[in-house]
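Structure record follows, encoded as structure tokens.
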Protein chains: 2
Amino acid sequence: MNIGQAATTSGVAAKMIRYYESIGLIQAPVRTEAGYRVYSSDDIHALRFIKRARTLGFSIEEARELLALWRDKSRASADVKAFAMKHVRDLEMKIAELQAMSQTLRHLAQTCHGDERPDCPILADLADPAVALDTAVKKKAPRKERHDAECTCDDAKSSASVQH
Amino acid sequence: MNIGQAATTSGVAAKMIRYYESIGLIQAPVRTEAGYRVYSSDDIHALRFIKRARTLGFSIEEARELLALWRDKSRASADVKAFAMKHVRDLEMKIAELQAMSQTLRHLAQTCHGDERPDCPILADLADPAVALDTAVKKKAPRKERHDAECTCDDAKSSASVQH
DNA sequence: TATGCTCCTTCCCATAATGGTAAGGTCAAG
DNA sequence: CTTGACCTTACCATTATGGGAAGGAGCATA
């Protein structure tokens, strides 16, 4: 099976298959006399495994560890589970960060007229979060029931650290 | 104000300040005779603006557009709001992707013994999602009430596209 | 004044994972 | 034998940030 076929049947781009080989994630396959890579069904299986791991948000290095666990027939399922749950916690931390951003922005957008006037609490927040928040709180003061949202907004500001 | 001071008071690393200058995100500041960059309080303000935008998950190019809107005193707040809401939708799409991953993995981990035995549905799913899901469904068949979770799991498989 | 410490400068390299492109070789069918 | 689809390697780009080297500048103290 040529690399193009392997790519189609595994769902991993040919470019990526070569890359995975170059970093030692998969073994170099046998070659034809002309130098064409030839993949076995075991190779395809490994590629599908990697593809699925990537789809579940594992990094390539994590996929490497999962492959090692997969091949180690004597691994304890506890090790795999711990590895997976560590990843779940990573995912949930990222989710929480994104939710904080989203909520802060939604809140700011709510207080924005969204008409032809230039005055905009979103830009005001970017220019000076403390002042903008004060303004928003004052505007919303008559209605107390959304106070929770404002607290969420505060939390979002003290968290941060994104897109590293 | 030297770049070190500017970094400290704006929260943007000196390295990043130089980088932002190099890509034209901020204007090149005046220099001392010795070539040291000297920043004004307006510069610091812009840096804080960028920092805040980044904290809210905007890319550098998006921060550039926000800066332009900020400086355009005649912009309509509707434009800013639309821009912010577009970003909120982006964030929420990413959140949904991560949640699908997290839920699928949590579900798989739930069906994993997590003891010293090697048998592990998590690795089974990675090796062959269809078979692993069948196995999990069979194991859970006696208890019907968690069927929703399995559907979510299915969705996770058809979504994908992560870490670009 | 000489030494030393901290800060500044530019330049280059590295990261993670993928896409693109170019120049050239191969295979199979017409 | 030509053509088109496929393969090969090699290099460059992306996003945002960090690290480090080599050398100059500023300031304080012995």
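Because only heavy atoms are used, hydrogens play no part in the values below, and waters and symmetry mates are left out as well, while side chains stay in. Per chain, numbering begins at 1; letters A, B, ... match sequence-line order.
For R54(B), the listed nucleotide lying nearest its side chain is dT17(D); candidates were dC12(C), dG26(D), dT17(D). Of the candidate nucleotides dA16(D), dG19(C), dC8(C), dG19(C) has the atom lying nearest to any side-chain atom of M16(A). Listed nucleotides: dT21(C), dA17(C), dT9(C). Nearest to the side chain of K15(A): dT21(C). For R31(A), the listed nucleotide lying nearest its side chain is dT9(D); candidates were dA25(D), dT9(D), dA10(D).
OP1 or OP2 of dA16(D) has not a single side-chain nitrogen or oxygen of R18(B) nearer than 4.0 Å. The shortest distance between the side-chain N/O atoms of R37(A) and the OP1/OP2 oxygens of dT8(D) is below 4.0 Å. For the pair Y36(A) and dG25(C), the criterion of a side-chain N or O lying under 4.0 Å from OP1 or OP2 is not met.
Looking at which nucleotide of DNA chain C each of T32(A) and A13(A) is closest to, the 5′-most match is held by A13(A). Nucleotides of DNA chain D nearest to E61(B) and E33(B) differ in position, and the one nearer the 5' end is that of E61(B).
The nearest whole Å value for the distance from the CD1 atom in I3(A) to the C1' atom in dT26(C) is 15 Å. As a whole-Å value, the separation of R64(A) CZ from dA16(C) P is 10 Å. What separates OH of Y19(A) from P of dA13(D) is a distance of 18 Å, to the nearest Å. In this entry the distance linking CD of E62(A) with P of dA16(C) reads 12 Å, nearest Å. In this structure, N2(A) places its CG atom 21 Å from P of dG4(D), rounding to the nearest Å. Whole-Å rounding puts the I60(A) CD1 to dA16(C) P distance at 9 Å. With rounding to whole Å, I17(B) atom CD1 is found 15 Å from dG18(D) atom C1'. Between the CD1 atom of I50(A) and the P atom of dA16(C) there is a distance of 16 Å, rounded to whole Å.
Of the possible polar contacts, one joining the R48(A) side chain to the T9(A) backbone as a donor-acceptor pair under 3.5 Å is found. Between the N2(A) side chain and the G4(A) main chain, no donor and acceptor come within less than 3.5 Å of each other.
Ring geometry for H45(B) against W70(B) counts as perpendicular: the plane angle is over 60°, on a 0 to 90° scale with 30° as the lower cut.
The number of heavy atoms from other shown groups lying within 6.0 Å of CD (E92(A)) is above 12.
In this structure, S74(A) and P118(B) have side chains that are not in contact, with every pair of non-hydrogen atoms separated by 4.5 Å or more.
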